[in-house]
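The structure appears right after this line, and notes come after that.
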Number of protein chains: 2
Amino acid sequence: MLDALGDPTRRVILETLRTGGPCSVGVLAERVPVSRPAISQHLKVLGAVGLVRHESRGTRNIYRVHQSGLDELRNWLDRFWGDALDAYADHVRRTEEERK
Amino acid sequence: MLDALGDPTRRVILETLRTGGPCSVGVLAERVPVSRPAISQHLKVLGAVGLVRHESRGTRNIYRVHQSGLDELRNWLDRFWGDALDAYADHVRRTEEERK
DNA sequence: TTGGTTCGTTAGTGGCAACTTACCGTTCGT
DNA sequence: ACGAACGGTAAGTTGCCACTAACGAACCAA
């Protein structure tokens, strides 16, 4: 998931899909300075983690951003930050006891 | 920012800091199966994007997770999803007109 | 001051993944 | 049914980044 967002090209692809709306692979290859097969590979990765969905329209596949991946990221964020605060509180309490 | 979270080792370091609370570089090197210099380099990257803060305690530096990076990520998420919906609405309207 | 930690930095290497070129399957128009 | 367009896949290369090893700096204790 975060691995998928780690690549700059994939983020550009997502940005393009976000600002330009859903579009085909060929159009994406025109807008992003990268060959068409590279686009395909990245879309495969993005699709595997639920960040994009594709829909076959004749010979061309229309890709669009999908929500599930973003939701998962948000949940991870919430849980992460909550646990970090708890762990910090524990740490403070522990060092407090050591000082005695 | 997302580049920083893209590396698995860095996520492990963050997880370690989160669950175990703040700790020094040497302790991190013990808990994460990676050499100490590698830890230093990763902490440098994580610090550059505001995900961790360090505080010099004598010869040793205590690192802890910091909020600003997470906040920035959350803001990005919110704006991303909102814009994606708008762009999708535009796209629907545009294809609707082309159908005429 | 001297020895022992603790940490940051540099140089160098190995491995992985992103990219391109070439090829093949699929689908639509004629 | 045939040609063309669109897209996914395979193989191969290149570039980048994570990692280790060695060195150097700062700090504390004696």
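Naming: A, B, ... by sequence-line order, numbering from 1 per chain. These numbers come from the heavy atoms of this one structure, side chains and all, not from hydrogens, waters or symmetry mates.
- A single hydrophobic cluster is not seen to contain both A:Ile62 and B:Leu85; linkage of ILVMFWY side chains at heavy-atom distances under 4.5 Å, directly or through other members, places them apart.
- Contacts of A:Arg11 classified as salt bridge (Lys or Arg N to Asp or Glu O under 4.0 Å), with partners at least two apart in sequence or in another chain: B:Asp3.
- B:Ser24 has a side-chain polar atom (N or O) that falls below the 4.0 Å cut-off from OP1 or OP2 of C:dC7.
- In this structure, CZ in A:Arg74 is found 4.5 Å from CG in B:Asp78, a value given to the nearest 0.5 Å.
- One finds the CG atom of B:Leu17 at 8.5 Å from the CG atom of B:Leu46 (value rounded to the nearest 0.5 Å).
- Interatomic distance, CG of A:Leu77 versus CG of B:Leu73, reported as 4.5 Å (0.5 Å rounding).
- One finds no salt bridge joining B:Arg53 and B:Glu55 here, because no Lys/Arg side-chain nitrogen approaches an Asp/Glu carboxylate oxygen to under 4.0 Å.
- Closest approach of B:Met1 and B:Val49 over heavy atoms only: N-CG1, 3.6 Å.
- Take A:Asp71 and apply the side chain to side chain donor-acceptor pair (under 3.5 Å) test, not counting sequence neighbours, and it matches no residue.
- Residue order along DNA chain C, read from the 5' end via each residue's closest nucleotide, puts B:Val27 first among A:Val45 and B:Val27.
- For B:Asp86, there are no side chain to side chain donor-acceptor pair (under 3.5 Å) partners at least two apart in sequence or on another chain.
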Side-chain donor/acceptor pairs under 3.5 Å, residues 19-36 of chain A, sequence neighbours excluded:
from    : atom 1 : to      : atom 2 : distance (Å)
A:Thr19 : OG1    : A:Glu15 : O      : 3.0
A:Ser24 : OG     : A:Val27 : N      : 3.4

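- Separation of atoms CG (B:Leu43) and CG (B:Leu51) is listed at 11.0 Å; rounding is to 0.5 Å.
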I'd like a table of atom pairs between the protein and nucleotides 20-22 of chain C - only N or O on both sides, under 3.5 Å - with the distance next to each one.
from   : atom 1 : to      : atom 2 : distance (Å)
C:dT20 : OP2    : A:Ser35 : N      : 2.7
C:dT20 : OP2    : A:Ser35 : OG     : 2.5

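- Every residue meeting the side chain to side chain contact (heavy atoms under 4.5 Å, CB included) condition with B:Arg79, not counting sequence neighbours, appears here in chain and number order: A:Arg18, B:Trp76, B:Asp83.
- Heavy atoms only, all atoms of each residue included: B:Ser56 and B:Asn61 are closest at OG-OD1, 3.4 Å.
- Per the geometry, NE2 belonging to B:His42 stands 16 Å off C1' belonging to C:dC7, to the nearest Å.
- Distance CG (B:Leu43) to C1' (C:dG8): 11 Å, rounded to an integer number of Å.
- Two different hydrophobic clusters hold A:Val45 and A:Leu5 under the rule that ILVMFWY side chains link at heavy-atom gaps under 4.5 Å.
- Between its two ends, the helix from C:dT1-D:dA30 to C:dT30-D:dA1 turns its axis by 30°, counting five pairs per end and rounding to 10 degrees.
- Between B:Val52 and B:Gly47, the shortest heavy-atom distance links the atoms CG2-N, 3.5 Å.
- The stretch residues 10-61 of chain B participates, sequence neighbours left out, in these ring pair (Phe, Tyr, Trp, His ring centres under 6.0 Å) pairs: B:His54-B:Tyr63.
- Atom CZ in B:Arg10 sits 10.0 Å away from atom CD in B:Gln41 (nearest 0.5 Å).
- In the region residues 48-55 of chain B, proximity to DNA chain C at under 4.0 angstrom, judged on heavy atoms, holds for none of the residues.
- Listed here is the closest heavy atom pair of A:Ser68 and A:Gly50: OG-O, 3.1 Å.
- Chain B approaches DNA chain D within less than 4.0 angstrom (heavy atoms of the protein), and the contacting nucleotides run 5' to 3' from D:dA18 to D:dC27.
- A heavy atom closer than 4.0 Å to some atom of DNA chain C occurs in A:Asp7, A:Thr9, A:Arg10, these being the qualifying members of residues 4-14 of chain A.
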Protein proximity profile, nucleotides 24-30 of chain C - base contact B, sugar-phosphate-only contact S, no contact -, cut-off 4.0 Å on heavy atoms: ---BS--

